[in-house]
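What follows is a set of notes on a single structure, which appears directly below.
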Amino acid sequence: MPMLLIKGSYHLVNGRPDGDTIQFVADEKEEWNLVPGPHKVKRNGSGKAKLRLDAIDTLETHYAREGNPEVHQPWLHGRAARDELTKWLGFTTVERAPDETVTAATPTTRPGWILTRGAGRDKRCIALAGKGTPPGTSGTWINVDEALLRTTFNHHVLLAGLAYPTYYTNLFPDLRDELTAAVRQAQEEEKGLWRDDDTLDGATVTGIDSLQDDVVILPKLFRRLVDYLYLGDPDNPDLTGFPAFLDEAADEFWIISTSHPTTGLDAVVEVIDGKVRMTHPPEDLVFVEN
């Protein structure tokens, strides 16, 4: 799979990195202009941009939308993924304010490289994150195979069981299959969040507090639930309208096992007696990148 290689450095201070989001400064800031697609990477004058790590979704350590209060998923696995990213990159100490903003880090930056094919609607660069010697010349397109994918944090965090797979159509099937193999190994060994995952078994949702403190589910489903709960009484939710809400949100995706194009997560989400569950595992879905 061809991807654009950009060499640069990872930065933490004044940011709020989690397990799948971090700031990155390109050594040659003009190389951001080489990232293809309808959405341009948002960066500052020094070439600093935010990355959204491709194909993974870690538990939310801070989420808010449309003026609603900021919420989080259970801290254990969200913070474990966040800490795994900074440790893997080579940061030895990280100091944070109560709102998770990094106030100091040692060292202050870490060198690395990314592989990308575009940016999302939020203008974050969608990337595979690498460290060490770059696998090619910065600013050029290189072929990414399974062996190279295994050197990235994206693969590492799935193998560690600290992230859910969340695939989009920009990722080629051979790389997706490699990541799914890592997911299956983590599941078999009950690593990380897979010991507590409620996505398929069903999560009892009694309000915002249950989502923050008790329920371990796919972050995309968590975000949809939070948005829905804040339309009514978030502490005494009526979940009967949640499937219709998902239908209206109109997420577009493919179900891999059936080769079926689908619109609306209500097609793969059930609500029964206050329990919310997905009927297909996350690795069986491929979302359309808009």
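Numbering starts at 1 and runs along the sequence shown.
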Check side-chain contact (heavy atoms from CB on, under 4.5 Å) between D238 and all other residues, then give those that pass, not counting sequence neighbours. T240
Could you go step by step and tell me if T206 and D214 meet the side-chain contact (heavy atoms from CB on, under 4.5 Å) rule? CA-CA 10 Å; T206 58; D214 305 319; 5.9 Å; no
Shortest non-hydrogen contact between P237 and L229, atoms and distance: CB-CG, 3.9 Å
I126-L175 co-clustered via ILVMFWY side chain contacts under 4.5 Å: no
Are E31 and K7 within salt-bridge range, i.e. N to O under 4.0 Å? no
Could you give the distance from CZ (F172) to CD (E146), rounded to the nearest 0.5 Å? 12.0 Å
Using a 4.5 Å cut-off on heavy atoms from C-beta on, say whether the side chain of Y10 contacts that of L51. yes
Do I256 and M1 sit in the same hydrophobic cluster, where Ile, Leu, Val, Met, Phe, Trp and Tyr count as joined when their side-chain heavy atoms come under 4.5 Å apart? yes
Within the structure provided, determine whether T137 and L5 are in side-chain contact (heavy-atom separation under 4.5 Å). no
Audit row: D251, V288, side-chain contact (heavy atoms from CB on, under 4.5 Å) steps and yes/no: CA-CA 8 Å; D251 289 282; V288 175; over 6 Å; no
So, using ring-ring contact (aromatic ring centres under 6.0 Å, His included) as the criterion, who are the partners of W254 when residues are at least two apart? none
Hey, what do you get for CZ (F245) to CG (D266), rounding to the nearest 0.5 Å? 11.5 Å
For L12 and L89: C-alpha separation, side-chain torsions, deciding distance, then whether side-chain contact (heavy atoms from CB on, under 4.5 Å) applies. CA-CA 11 Å; L12 301 181; L89 291 173; 5.7 Å; no
Taking only residues two or more places apart in sequence or in another chain, which ones pass side-chain contact (heavy atoms from CB on, under 4.5 Å) with D83? R96
Sequence-distant partners of K191, salt bridge (Lys or Arg N to Asp or Glu O under 4.0 Å), two or more places apart: E189
What pair of heavy atoms forms the shortest contact from A105 to V102, and how long is it? CB-CG1, 4.5 Å
N/O donor-acceptor pair under 3.5 Å between N154 side chain and D54 backbone: yes
What pair of heavy atoms forms the shortest contact from A163 to L158, and how long is it? O-CD2, 3.4 Å
Do I217 and L225 have side chains that approach each other closer than 4.5 Å (heavy atoms only, starting at C-beta)? yes
Nearest non-hydrogen partners of C125 and I114, listed with the distance: SG-CD1, 4.0 Å
Taking only Lys NZ, Arg NE, NH1 and NH2, and the carboxylate oxygens of Asp or Glu, determine whether R65 and E60 approach each other closer than 4.0 Å. no
Determine whether a donor-acceptor pair (N or O, by modelled atom type, separation under 3.5 Å) exists between the side chain of D284 and the backbone of S257. yes
Value for CG (L211) from OG1 (T204), rounded to nearest 0.5 Å, stands at 11.0 Å
When rounded to the nearest 0.5 angstrom, what distance separates CZ in R277 from CG in D201? 8.0 Å
Assigning hydrophobic clusters by single linkage (Ile, Leu, Val, Met, Phe, Trp, Tyr; side-chain heavy-atom cutoff under 4.5 Å), is L200 placed with L193? yes
Quick one: which of K40, R43, E28 gives a side chain to side chain donor-acceptor pair (under 3.5 Å) with N33? R43
Under a 4.5 Å side-chain heavy-atom rule over Ile, Leu, Val, Met, Phe, Trp and Tyr, are L34 and W113 clustered together? yes
With a cut-off of under 6.0 Å to the ring centre and 45° to the axis, is R117 in cation-pi contact with Y168? no
I need the minimum non-hydrogen distance between W32 and A26, along with the two atoms involved. NE1-CB, 3.5 Å
Shared hydrophobic cluster for V41 and V25 (ILVMFWY, side-chain gaps under 4.5 Å): no
Taking every non-hydrogen atom, the tightest pair across M278 and V269: CG-CG2, 4.0 Å
Considering only heavy atoms from C-beta outward, does the side chain of E178 approach that of H155 to under 4.5 Å? yes
To the nearest 0.5 Å, what is the distance between OG1 on T116 and CG on L128? 8.0 Å
Using the ring of F253 (Phe, Tyr or Trp, six-membered ring only), decide whether K220 places NZ or CZ under 6.0 Å from its centre and within 45 degrees of its axis. no
Could you label the plane-to-plane angle of the H156 and F153 rings as parallel, tilted or perpendicular, counting under 30° as parallel and over 60° as perpendicular? tilted
Straight-line distance of Q187 CD to T180 OG1, nearest 0.5 Å: 9.0 Å
I'd like to know if the side chain of Q212 and the backbone of H72 have a donor-acceptor N/O pair within less than 3.5 Å. yes
Would you check if L115 and I142 make a side-chain contact, meaning some heavy-atom pair closer than 4.5 Å? yes
Under 4.5 Å between any side-chain heavy atoms of T58 and R82, yes or no? no
Taking only Lys NZ, Arg NE, NH1 and NH2, and the carboxylate oxygens of Asp or Glu, determine whether D122 and K50 approach each other closer than 4.0 Å. no
Please check this pair: side chain of D145 against backbone of L148, looking for a donor-acceptor N/O pair closer than 3.5 Å. yes
Tell me, do Y164 and P281 make a side-chain contact under 4.5 Å, heavy atoms counted? no
Residues in side chain to side chain donor-acceptor pair (under 3.5 Å) contact with N236, at least two apart in sequence or another chain: D233
Quick one, I6 and V35 - any side-chain contact, counting heavy atoms below 4.5 Å? yes
Identified side-chain contact (heavy atoms from CB on, under 4.5 Å) counterpart of Y63 within the set N68, V226, D18: V226
With distance as the sole test, does T103 use its side chain to make a donor-acceptor pair with the main-chain N or O of A97 at under 3.5 Å? no
Evaluate the criterion side-chain contact (heavy atoms from CB on, under 4.5 Å) for residue pair H280 and L285; output intermediate values, then yes/no. CA-CA 8 Å; H280 288 259; L285 308 178; 4.2 Å; yes
Do any N or O atoms from the side chain of K131 and from the backbone of W88 form a donor-acceptor pair under 3.5 angstrom? yes
Could you tell me whether R16 and E100 make a salt bridge, using a distance below 4.0 angstrom between a side-chain N and a carboxylate O? no
Using only atom types and a distance under 3.5 Å, with no angle test, would you say the side chain of T199 pairs donor to acceptor with the backbone of L218? yes
Contacts of D57 meeting salt bridge (Lys or Arg N to Asp or Glu O under 4.0 Å) (sequence neighbours excluded), chain-then-number -> R223
